[in-house]
Amino acid sequence: MTDNDIQAYANQHTAPEPPLLHQLWRETHLQLLMPRMATGHWQGRLLSMLSHLIKPSRVLEIGTFTGYATLSLAEGLAAGGHLHTIEINPERESRIRRYVAAAGLAEAVTLHIGDARDVLASLVGEVWDLVFIDADKLHNARYFELVINQVCPGGLVVVDNVLWGGKALPDYPLKANDHDTRAVRAFNAQMRHDPRVVPLLLPVRDGLLLLRKV
Ligand SMILES: C[S@@+](CC[C@H](N)C(=O)[O-])C[C@H]1O[C@@H](n2cnc3c(N)ncnc32)[C@H](O)[C@@H]1O
């Protein structure tokens, strides 16, 4: 039995992908480079499940891409709740807005186009119940520091790609110029001992690190 078999079985026994998300997934794969960056069916249902359990009033996503995780995370918003998502690439804006509108979320979702390290400075008044860090991996620690003081006690920070294709594991031979992997390893190691959060690494897909704020 391969990992693919297990993932296929998990998909079959997970709630089906909503039709709009399936359409977005197809469009992402047909029209964009690196479509694997999109969250996809199983992980989308996991983010939706977490959001439904938390019923957040305020959600932050760092790294929108085509908006797959955005729509998934928004599914569990409390009445009157709001999601902010930040994407650095302006070429992605029109597609994201089109799908946010098609999901009926134009009022509930604010898309910021810009570098998250700048945009976050304009969101210092917010208190986050749920944060999804999924931008460039070099700056995971920076994004974490920029948001953690605004996460409510008991709030959840989810960080994607913490296994980094297996390269996060210490025995994996590292190239001298592989700064991304070094950053992923350093961030994961820091989270083990950070007194502000309780970590749980889920070895699913490319690895999801759940960090519950103490
Ligand atoms: C892995 S993709 C996000 C996938 C999306 N969260 C999902 O699950 O479908 C990473 C995205 O982060 C964006 N990004 C990279 N650096 C960024 C930065 N400094 N600020 C905001 N977005 C950034 C990239 O342009 C890319 O679209």
Side-chain angles (χ1 to χ4, degrees), residues 7 11 14 17-18 20-51 56 59-76 83-100 102-103 105 109-124 126 128 130-147 156-165 167-168 179-181 183-184 187 202 204-211:
Q7 185 63 60
N11 289 358
T14 293
E17 189 177 38
L20 185 67
L21 284 176
H22 186 64
Q23 183 186 322
L24 175 55
W25 187 88
R26 273 184 58 77
E27 188 175 314
T28 300
H29 280 71
L30 288 170
Q31 298 181 6
L32 275 94
L33 295 174
M34 293 191 288
R36 286 183 53 202
M37 290 202 302
T39 272
H41 171 202
W42 188 89
Q43 188 168 304
R45 291 308 84 207
L46 174 64
L47 295 178
S48 169
M49 176 74 81
L50 292 172
S51 182
V59 180
L60 170 67
E61 178 185 31
I62 304 176
T64 320
F65 191 40
T66 55
Y68 196 110
T70 314
L71 301 191
S72 305
L73 289 163
E75 289 178 21
L83 184 153
H84 290 265
T85 185
I86 310 172
E87 170 55 51
I88 200 169
N89 187 339
E91 291 178 7
R92 308 214 161 116
E93 179 172 4
S94 61
R95 177 179 287 100
I96 300 164
R97 292 200 188 283
R98 181 157 48 84
Y99 274 91
V100 165
L105 291 167
V109 171
T110 300
L111 169 64
H112 305 263
I113 298 294
D115 189 319
R117 288 165 290 172
D118 303 326
V119 174
L120 286 170
S122 68
L123 295 172
V124 285
E126 298 287 348
W128 308 114
L130 176 59
V131 176
F132 186 41
I133 299 178
D134 190 19
D136 61 296
K137 309 308 159 183
L138 197 58
H139 294 114
N140 275 351
R142 182 91 185 105
Y143 299 132
F144 176 82
E145 289 303 333
L146 283 169
V147 301
L156 185 67
V157 178
V158 180
V159 186
D160 200 5
N161 308 108
V162 293
L163 292 178
W164 205 228
K167 289 190 279 183
H179 304 299
D180 286 345
T181 300
V184 168
F187 176 71
L202 296 180
V204 291
R205 222 167 160 256
D206 197 23
L208 280 173
L209 186 58
L210 306 191
L211 301 164

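None of the values given here were measured: they were computed from a predicted structure. Whatever order the structure lists them in is the order used to number ligands and atoms, beginning at 1.
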Test item: [X] and [Y] side chains (from C-beta on) under 4.5 Å apart, heavy atoms:
X	Y	result
Val59	Trp128	no
Leu46	Arg205	no
Phe144	Ile62	no

**Study point:** Side-chain donor-acceptor contact under 3.5 Å, Tyr143 with Asp136
**Key:** yes

Check your understanding: Looking at ligand 1, does Trp25 have a heavy atom less than 4.0 Å from it?
Key -> no

Practice item. Would you check whether Gly114 reaches within less than 4.0 Å of ligand 1, judged by its heavy atoms? Key: yes

Check your understanding: Are Arg98 and Glu27 within salt-bridge range, i.e. N to O under 4.0 Å?
Key -> yes

Review point. Between Arg117 and Glu145, does at least one N-O distance fall below 4.0 Å, as a salt bridge requires?
Key: no

Taking the minimum heavy-atom distance to [atom], which of [options] ranks first?
atom	options	value
atom 5 (C) of ligand 1	Leu24, Ile62, Asp134	Asp134
atom 23 (C) of ligand 1	Ile113, Ile88, Leu120	Ile88
atom 11 (C) of ligand 1	Arg117, Met37, Glu87, His112	Glu87

For ligand 1, which atoms, with element, lie under 4.0 Å from some heavy atom of [X]?
X	result
Glu61	5 (C), 6 (N)
Asp136	15 (C), 16 (N), 17 (C), 19 (N)
Ala116	18 (C), 19 (N), 20 (N), 21 (C)
Thr64	5 (C)
Ala38	9 (O)
Ile86	21 (C), 22 (N)
Arg92	24 (C), 25 (O), 26 (C), 27 (O)
Phe65	2 (S), 3 (C), 4 (C), 5 (C), 27 (O)

**Study point:** Over 12 non-hydrogen atoms of neighbours within 6.0 angstrom of CH2 in Trp25
**Key:** no

Point to revise | Met49 atom CE, over 12 foreign heavy atoms within 6.0 Å | key: no

Exercise for review: Could you tell me the residue and atom name of the protein heavy atom closest to atom 19 (N) of ligand 1, and the distance to it rounded to 0.1 Å?
Suggested key: Tyr143 OH, 2.9 Å

Exercise for review: Looking only at protein heavy atoms, identify the closest one to atom 9 (O) of ligand 1 and say how far it is in Å.
Suggested key: Thr39 N, 3.1 Å

**Study point:** Test log, rule side chain to side chain donor-acceptor pair (under 3.5 Å), inputs Thr85 and Thr64
**Key:** CA-CA 6 Å; Thr85 185; Thr64 320; 2.7 Å; yes

Practice item. Would you check the N or O atoms of Asp115, main chain and side chain alike, for any that come under 3.5 Å of an N or O of ligand 1? Key: yes

Check your understanding: If we only count N/O pairs under 3.5 Å, is Phe132 in contact with ligand 1?
Key -> no

Check your understanding: So which heavy atom on Glu87 is nearest to which on Phe65, and how close?
Key -> OE1-N, 2.9 Å

Review point. Parallel under 30°, tilted from 30 to 60°, perpendicular over 60°: which one fits the rings of His84 and His112?
Key: parallel

